[in-house]
Protein chains: 2
Amino acid sequence: MRGEAIHLLSVKDENLKKEITLKDVAEAAGVSKMTASRALRGANDVSKVNVEKVKKAAKEIGYVGNHLAASLTKTNSNLIGVVLPNLTNIVFSHVMSGITGALDDTIFQPVFGVSDYDEEKEYEVIKNILSWRPAGLIVTGTNFPESTKLILRQAKIPLVQIMDTDGDIIDSVVGFSHEKAGYDMARALLETGRERIGFIGCIIENDFRAAKRKAGFIRALDEAGHNLVCDYNVDSVSTISVGRGLVDEALSAHPELDCIYFSNDDIAAGALFRCIEKQIAVPEDLALIGFNGMDISNCFPGKLGTSVTDRAGIGSAAAKILLRRCTGEMSIESEKIVLEPQIRLGNLLENSSSS
Amino acid sequence: MRGEAIHLLSVKDENLKKEITLKDVAEAAGVSKMTASRALRGANDVSKVNVEKVKKAAKEIGYVGNHLAASLTKTNSNLIGVVLPNLTNIVFSHVMSGITGALDDTIFQPVFGVSDYDEEKEYEVIKNILSWRPAGLIVTGTNFPESTKLILRQAKIPLVQIMDTDGDIIDSVVGFSHEKAGYDMARALLETGRERIGFIGCIIENDFRAAKRKAGFIRALDEAGHNLVCDYNVDSVSTISVGRGLVDEALSAHPELDCIYFSNDDIAAGALFRCIEKQIAVPEDLALIGFNGMDISNCFPGKLGTSVTDRAGIGSAAAKILLRRCTGEMSIESEKIVLEPQIRLGNLLENSSSS
DNA sequence: AAATGTATCGATACCGGTATCGATACCAGT
DNA sequence: ACTGGTATCGATACCGGTATCGATACATTT
């Protein structure tokens, strides 16, 4: 038994060969750990000869640095935490893409977590990420429970909330008011003469932003003395097929509809596809309005209306704020960057209904 | 002098409040660092009284653990590295989503990097991630330069290559053969009687998988004694509008086309939208075939053909392999999981052209 | 020649946790 | 009373880097 164990250990030793550390590099180069450390980090107080020797040795023995150890000596690591509610939604992929793009060629790297629109999970994910002592944090939204806000504040690191500027802003924020986005779209639609407007959406619980758009939309209608003709809500992920199905329902129940506001482009596109099959003239007889201005909103150019948002721009701007605040000489002030969506009504503009 | 220094320190203390460490928790709870450490990790050799005291103290003073320090004592951290070529492409969002889903409720957390289909950048990103001493690594693809393969092997951590099973497999792999996927689709199309088949794609450099599908597709045609009627390639991101434009070009140059294979669903859908405008019967007169089976492939049910891939399943399976190998009692063998795409031809099956 | 400055390097002490092992107290068994 | 066992705890030595400061060698100035 014992002999076996020892044998296993020695075999293991040969396989694992102990991790290669800076000390190994130093020995191979014939210098001290410190000189090796300085040489690899490009410090200026190492002779050129030694820099060469160290770099050569490091490459030869296949040295890979250890961020864990390096970060432990500082107060923060060079990780940037990112918390998103979801990843299947391409909106957040675009945001993520903007973030990684801005972080490219910097020393910072993103770690991230998904909250699934669940506040408890969000709290755990944030706490977990904070345990990595990130240099900064990007979180989605502005509606957090008190406990979450507390740990965010206690972390004492630059924080950027993204997507939404409506709720509580803890530090910096990049995004726009979804309430206003909904409001503005409703105003624009009313201006074209549409008045018999319905709503169809997939608003899952805790998707505050979609809910805010709807609220803003309704507020504008209300101010103009109108109500939603119909209001369909499905608590599921939004898909094309949901749009197809619900527009059928809506039209048969409310044939008078001349406009439908959707919670996003996917459902709106689904509705458009169904309308094309039913030979309903869009937007002449029925305007269909999505949100985000994703690629799919260009499926039939001019037919779908939408608010074009700059997802990647939001991610990029958020990351850049963190870069400024993490590398900045002085601690720069918190910022608020608003990237207002652009309303795009397409052919609807040429078809102001005369009703 | 001395008094001043001490004064400065106390002021600094108030401002920065020094990071709260385990030692602070221990002192607050009146136990040693070790007991506090054990209590917080749920060790079994701490009295219940002290566990309570420590947990209470930790909560009261707002202690947040330090993964950096904890990981430094082990050979690996509980990070899982993920390297993807791109994030704007929703395919990889789905993969990512599968990964994070599988990692939920585990101690592991994803760090990730984007290679932008650039081999040099990929190398840097991988090296950077390895510096965090991740417990495992997920990388996209099977075609790596030697230098990259070297550091992957030297890392001596579980590695899963995803998406593609065609190239060099270093350790484990999850995905399918894109060559075969292209081949199988061509065979299926030939079986329906289509023979005047063209190709339209957005294949940016180093997108080996799209290129492999095309190669497999051509091989099948070749075996049946056919050639591509036309072959359009654009070196850009694939979008609906590209599909719209290229299908016009293709049809005017080759009106005899009865089928077009696209590099993915987006372009195929774009082509379909254009065909609907031109009142071309799809798939009766012209079959349009995409790839992936994304939501958009259901825009007009039955009209688009596609190969339905399980992106989230690939991510999830890859993460689960890592979980098994990182937490497994023994070092489990490397695995190969093939998730073959399902061919979906829709209405095309009822319309085997008699030509 | 002495004094001063500059470039280069290494010994040491950390960073914030955890593994290890020994110390202590208390119990049961003989 | 003595031995052995168990439960509980703390002192110490790390993990792999980096900041700091002092030491050394050599060039430059006076």
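Computed from heavy atoms alone, side chains included, the values below leave out hydrogens, waters and symmetry copies. Residue numbers begin at 1 in each chain, while the letters A, B, ... track the order of the sequences.
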Self-check item: Minimum heavy-atom distance B:Leu322-B:Leu137, with the two atoms named
Solution: CD1-N, 3.8 Å
Exercise. Let me have a per-nucleotide readout for nucleotides 11-21 of chain D, 5' to 3', with B, S or -, counting only protein heavy atoms under 4.0 Å.
Key: B---BBBBBB-
Quiz prompt | Sequence-distant partners of A:Ser93, side-chain hydrogen bond (donor to acceptor under 3.5 Å, both in side chains), two or more places apart | solution = B:Ser93
Practice problem: Inspect the contact between A:Glu52 and A:Lys56 and indicate whether a charged nitrogen and a carboxylate oxygen are less than 4.0 angstrom apart. | Solution: no
Exercise. Please report the shortest heavy-atom distance between B:Val111 and B:Ile129, naming the atom on each side.
Key: O-CD1, 4.3 Å
Grab the N/O contacts between the protein and nucleotides 26-28 of chain D below 3.5 Å, and write none if there aren't any.
none

Exercise. Can you see which heavy atom on B:Ile157 is nearest to which on B:Ala135, and at what distance?
Key: CB-O, 3.8 Å
Quiz item: So, A:Lys127 and A:Glu124, do they make that salt bridge, N to O below 4.0 Å?
Solution: no
Quiz item: Is atom NZ of B:Lys121 surrounded by more than 12 heavy atoms (other residues, nucleotides or ligands) closer than 6.0 Å?
Solution: yes
